Amino acid sequence: MLKEPVEEALNEQINAELYSEYVYLSMSAFYEEEGLPGFASWMRAQADEEHAHAMRIYDFVIERDGRVTLTSIDSPPTEWSTPTDAFKEAYEHEVEITEMIDDLVALARDENDNATENMLQWFVAEQVEEEATAQHILDKLKHVGDDGTGLLMIDQELGQRGDTGGNPGGPGGDASDSTVE
Ligand code: FEO
């Protein structure tokens, strides 16, 4: 049985993960427009991961006999000044999500909710990976700067993320297959 404050906070996190999905889909559309299909594919795979994160919490709430309550998802940003700017925002977004997860862990501890805290440990580890991945790609982008050839090389590398079954960037990609993640 979930205590009310924990149930409420988990529902907020479901919304935050679905918003993350929106953010990365929006970034994917931006990269498509920029003629960078590898970046677009990477972001689309990332959006799929965020959906899976939301569903992991969704399923947990139900398993604990809680009530999932879905609320409106904010509009994501749609424009960035450069390809690097969009990735910088992706990194900053992940840092914010990490803070949310840390706050959730603290709440679960306060409420003596060991099951929720245990479930959240998966997210704690995942956020280490998500931040490191975004930081790694951002570092590469900073080295490349305005060099178009360098950007295309990174685009090619990012395009290798996941096996999309002939639909570049399409559903089914698994970030664990990525060479750059
Ligand atoms: Fe679900 Fe990227 O944090």
Side-chain angles (χ1 to χ4, degrees), residues 6-31 38-64 66 68-78 80 83-108 115-141 154 157-162 164 169-181:
V6 175
E7 183 182 88
E8 198 174 310
L10 289 174
N11 272 300
E12 280 170 20
Q13 193 64 35
I14 290 171
N15 182 279
E17 300 293 344
L18 291 175
Y19 175 70
S20 299
E21 181 182 8
Y22 249 34
V23 168
Y24 291 125
L25 269 182
S26 186
M27 286 178 177
S28 182
F30 165 76
Y31 284 121
F39 279 86
S41 170
W42 192 94
M43 284 294 176
R44 192 158 161 171
Q46 188 65 29
D48 287 346
E49 273 206 7
E50 299 302 346
H51 187 80
H53 293 173
M55 295 312 294
R56 185 179 273 259
I57 302 170
Y58 181 109
D59 288 338
F60 176 80
V61 170
I62 288 172
E63 198 175 4
R64 298 291 293 150
V68 169
T69 312
L70 297 178
T71 50
S72 7
I73 301 166
D74 289 341
S75 300
T78 54
W80 293 270
T84 301
D85 269 3
F87 233 102
K88 186 166 176 285
E89 193 165 316
Y91 170 71
E92 288 166 354
H93 181 71
E94 287 306 327
V95 171
E96 281 174 27
I97 294 292
T98 300
E99 286 170 8
M100 288 186 78
I101 296 292
D102 286 343
D103 287 347
L104 262 174
V105 170
L107 175 67
T116 297
E117 188 186 340
N118 188 48
M119 181 275 292
L120 289 170
Q121 289 308 320
W122 183 89
F123 283 89
V124 171
E126 176 73 1
Q127 284 310 119
V128 171
E129 190 186 310
E130 299 248 296
E131 278 191 35
T133 302
Q135 178 77 69
H136 176 64
I137 298 167
L138 190 55
D139 284 347
K140 281 192 178 191
L141 282 166
I154 297 175
E157 197 178 349
L158 293 185
Q160 291 169 19
R161 179 180 187 173
T164 57
D174 176 355
S176 63
D177 298 338
S178 174
T179 54
V180 182
E181 57 173 343

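Ligands are counted one by one from 1 in listed order, and the atoms in each one are counted from 1 as well. Side chains included, hydrogens not; waters and symmetry mates left out as well; all remaining heavy atoms used. The structure displayed is predicted, hence computed values, not measured ones.
- Judged by distance alone, the side chains of E96 and H93 never bring a donor and an acceptor atom under 3.5 Å apart.
- Shown here are the protein N/O/S atoms lying under 2.8 Å from atom 2 (Fe) of ligand 1, water excluded: E50 OE2, E94 OE1, E94 OE2, E130 OE1.
- When all heavy atoms of G159 and S41 are compared, the pair lying nearest together is O-OG, 4.3 Å.
- Note: W122 and F60 fail the aromatic proximity criterion, with ring centroids not under 6.0 Å apart.
- Taking the six-membered ring where the residue is Trp, F87 and F39 present perpendicular rings, their angle passing 60° and hence far from 30°.
- The environment of OH in Y58 is sparse: at most 12 heavy-atom neighbours from other residues, nucleotides or ligands sit within 6.0 Å.
- For the salt bridge (Lys or Arg N to Asp or Glu O under 4.0 Å) test, no residue two or more places apart in sequence or in another chain qualifies with E17.
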